[in-house]
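Below: one structure, written as structure tokens.
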2 protein chains.
Amino acid sequence: MPTKIEDVARRAGVSTATVSRVLSGKPYVSDELRQRVLGAVNTLNYRPSRVARSLRVQRSSIIGLIVSDIQNPFFTAVVRAIEDTAYQNKFSVFLCNSDEDVGKETMYLDLMLAEHVAGVIISPTAGMNDAYRRLVEERVPAVAIDRRITNVAIDSVLVDNVGAARQLVTHLIEQGHSRIGAVLGTPASSTGEERLRGYLDALHAHGLPVEQDLIRTGMPRILEGHAMMRELLQLPKPPTAVFTGNALLTIGALRAIHSSGLRFPDDIAMAAFDEMDWMFFVKPALTVVAQPTYDLGRLAVELLLKRMDEPDRPIEEVVLAAHVHYRESSKWRVPNANGANHQKEG
Amino acid sequence: MPTKIEDVARRAGVSTATVSRVLSGKPYVSDELRQRVLGAVNTLNYRPSRVARSLRVQRSSIIGLIVSDIQNPFFTAVVRAIEDTAYQNKFSVFLCNSDEDVGKETMYLDLMLAEHVAGVIISPTAGMNDAYRRLVEERVPAVAIDRRITNVAIDSVLVDNVGAARQLVTHLIEQGHSRIGAVLGTPASSTGEERLRGYLDALHAHGLPVEQDLIRTGMPRILEGHAMMRELLQLPKPPTAVFTGNALLTIGALRAIHSSGLRFPDDIAMAAFDEMDWMFFVKPALTVVAQPTYDLGRLAVELLLKRMDEPDRPIEEVVLAAHVHYRESSKWRVPNANGANHQKEG
DNA sequence: AACAAAATTGTAATCGTTTTCACACTGTCT
DNA sequence: AGACAGTGTGAAAACGATTACAATTTTGTT
């Protein structure tokens, strides 16, 4: 029932080759035939089958996008940017949610290969996965976003996590804290690992001891963030400040703090990763590092397009800076009787 | 370079037909050949081209999903449910973001038709669009979610917006309010229209006058919500309560209220659509109607699957109830000198 | 006018599957 | 022995586009 190129050709009294040429804007078609073809296309309301086209030309105009958590506002912002940029370049996006599950991620990557997507953008769930290797073996253009792939070298656009975390924690230290809790994503992902490293860097630089009890890692989700924060608060000697490593963990931690009736910065100081829409409502205002979500997404697409054009260009790794917003939640803290609080000037 | 079915056939010493039969679990293949084929598939690491398959069988195992705003947490929750359910049924999801733009929506629908998706789930930007008609003309299984399509009859899964809005506004009235502002999405979408209708119903039922000045509609986004709420607050005689019609509008309205230094429920009462992750933090707690997001998504996929099996079954329209959480933001209000406040018992 | 080069057009092969059809080989039942 | 119903297998025809190649016409150059 769907009209095919042959129907159009018949109606316009030309060959399918000509129709194809007209439709793909190729040269060497007389104006007269072009008009006839266009007319036929119009009256028949013909839309070429992308499937057939993909089969023939061995690539599609679809960008496969795999994010690790579609409910994380950080990723939806990035998705938004990717979608916009892809759209501007006549590509469309095939989005999947790996849900931080390596099995699901592998399955979706396989699907995309089988589907002959033009390229893949992925926020990897783990540093390595054989499926990533297959990607480069089959020479499918691919870009990693947000997290690093250690398995194999591919283009990536990342954020300076170490630097941002170090800044945030340094700031807490300068505000007089020495026992700083960390609620982080699993170190299996580069973001988790790097944000932890930034935290440790800051402690070391100020000669502060590292207390393993104060460092919690887990799946970067609200529930886990809540649990980790509660554990920290139930410690015999709880931290006087906390650093949270992602939007969802921050929500969870806020919930835990909130339900124990504590308030920052006086009961506990806080500095978090990721700015969110509704944060204006958190009082006192939360010190956060805002990640360049839109640029991240835009650059990922641009890198992907570049690699499609030049498959053999050298691997490129873009690292974006994040911007810290210093606000009240981490303000100078009056030392209280609560614990040993090595006061430093800020 | 990618291995094709022919390579497998050659290596196993059989015909491509046999390979295909083995791979799709068809009967009439001897155990011996089956083993040989499976072995060859394994050593060659063969993955059949979905594109070729789609072309041949004239359908894919992809569900196309078009949402009107990927940054709206209501939709991401629904997307999550759709993804999960699709995955369980061996379908994968091709997600696009129409961004409340009819042009973009049309373009994506066309793309999906051209891509021969197995079915389409869509949250329509407007009540009618010729592209919807094409969907049924070409007999592509389709389900509308959240919003109604008036153009043409298709399966849909909706929420009882009129009822939920009526409940919310009735509650405000019972708490003593008679001048209730409304910050709603554009009435071009059924959600906007129905939530407005619920609001009006409640007013009429209590014999309260409708003041056009108190009713604001616009794009359901944060910016617009903020602007509409600010306009309401700047009215010579501002409302004593406000009803917001969607998650993003609620955030915008909250921001406007927050920045004018007002507090609910005393300065202004509030009741909103959509529960969000972080709302525990809003104090006093916000009265909201929680939509059944997960069920919405799950049912959409189930309806779609049913229609794939039985293309001629009667159109089904599922309407889900939403659940109101009564909290402090709308509590009984001490009448003040501010305006004519027809007191009713609550 | 003669010839080369460029512009138009069509024929048919191709992309990688699935599936129809034909054929061959079993048994089983008259 | 012949007919018949399964089984098991492969050859080849789809599916709907693109494009290499060839054939033809037009244009440009001497």
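In what follows, every chain begins at residue 1, and chains take the letters A, B, ... in the order their sequences are listed. None of the values given here were measured: they were computed from a predicted structure.
- Residue contacts shown for Val51(A) are absent, as no nucleic acid heavy atom lies under 4.0 Å away.
- Under a 4.0 Å N-O distance rule, the pair Arg298(B)/Asp295(B) qualifies as a salt bridge.
- Taking atom CZ on Arg59(B) and atom C1' on dG16(D), their separation rounds to 18 Å, with Å as the unit.
- Listed candidates were dA7(C), dG8(D), dT18(D). Nearest to the side chain of Ser30(B) is dG8(D).
- The base of dG10(C) sits with one of its N or O atoms less than 3.5 Å from a complementary donor or acceptor on the side chain of Arg21(A).
- Between Arg50(B) atom CZ and dG16(D) atom P there is a gap of 20 Å when expressed in whole angstrom units.
- Here the side chain of Tyr28(B) is nearest to one of dT9(D), dG10(C), dG16(D), namely dT9(D).
- To the nearest 0.5 Å, atoms CZ (Arg50(A)) and NE2 (His116(B)) are separated by 12.5 Å.
- Taking atom NE2 of residue His116(A) and atom C1' of nucleotide dT14(C), one finds them 14 Å apart after rounding to whole Å.
- The base of dT17(C) does not come close enough to the side chain of Arg53(B) for any donor and acceptor atom to sit less than 3.5 Å apart.
- Distance from the side chain of Val57(B) is smallest to dT19(C) among dT9(D), dG16(C), dT19(C).
- For Arg56(B) against dT17(C), no side-chain N or O and base N or O form a donor-acceptor pair under 3.5 Å.
- Note that CG of Leu296(A) is 9.0 Å distant from CZ of Phe75(A), once rounded to the nearest 0.5 Å.
- For dC15(D), neither phosphate oxygen OP1 nor OP2 lies less than 4.0 angstrom from any side-chain nitrogen or oxygen of Ser54(B).
- When the nucleotides dG10(D), dT9(C), dG16(C) are ranked by their closest atom to the side chain of Ser15(B), dG10(D) comes out on top.
- Atom CD1 in Ile5(B) sits about 15 Å away from atom P in dC15(C), given to the nearest Å.
- Put simply, CG on Asp7(A) is 11 Å from P on dC15(D), counting in whole angstrom units.
- Taking 4.0 Å as the cut-off between side-chain N and carboxylate O, Arg148(B) and Glu193(B) do not count as a salt-bridged pair.
- Counting only heavy atoms from C-beta on, Lys4(B) has its side chain closest to dG16(C) among dG16(C), dA17(D), dG10(D).
- Atom CG in Leu33(B) sits about 8 Å away from atom C1' in dT9(D), given to the nearest Å.
- Computed from coordinates, the Glu115(A) CD to dT17(C) C1' distance equals 13 Å when rounded to whole Å.
- Where Leu55(B) and Lys26(B) meet DNA chain C, the nucleotide closest to each residue was compared, and Leu55(B) sits on the side nearer the 5' end.
- More than 12 non-hydrogen atoms from other residues, nucleotides or ligands lie less than 6.0 angstrom from CD of Gln58(B).
- Here the P atom of nucleotide dG16(D) and the CG atom of Leu113(B) are 15 Å apart, to the nearest Å.
- When the side-chain nitrogen and oxygen atoms of Ser20(A) are compared with OP1 and OP2 of dT18(D), one or more of them lie within a distance under 4.0 Å.
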* To do: Go through Tyr132(B) and Glu105(B) one step at a time and tell me if the side-chain hydrogen bond (donor to acceptor under 3.5 Å, both in side chains) criterion holds.
  => CA-CA 10 Å; Tyr132(B) 307 153; Glu105(B) 176 182 61; 2.9 Å; yes
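- The phosphate of dG16(D) has OP1 or OP2 within less than 4.0 Å of a side-chain N or O from Gln58(B).
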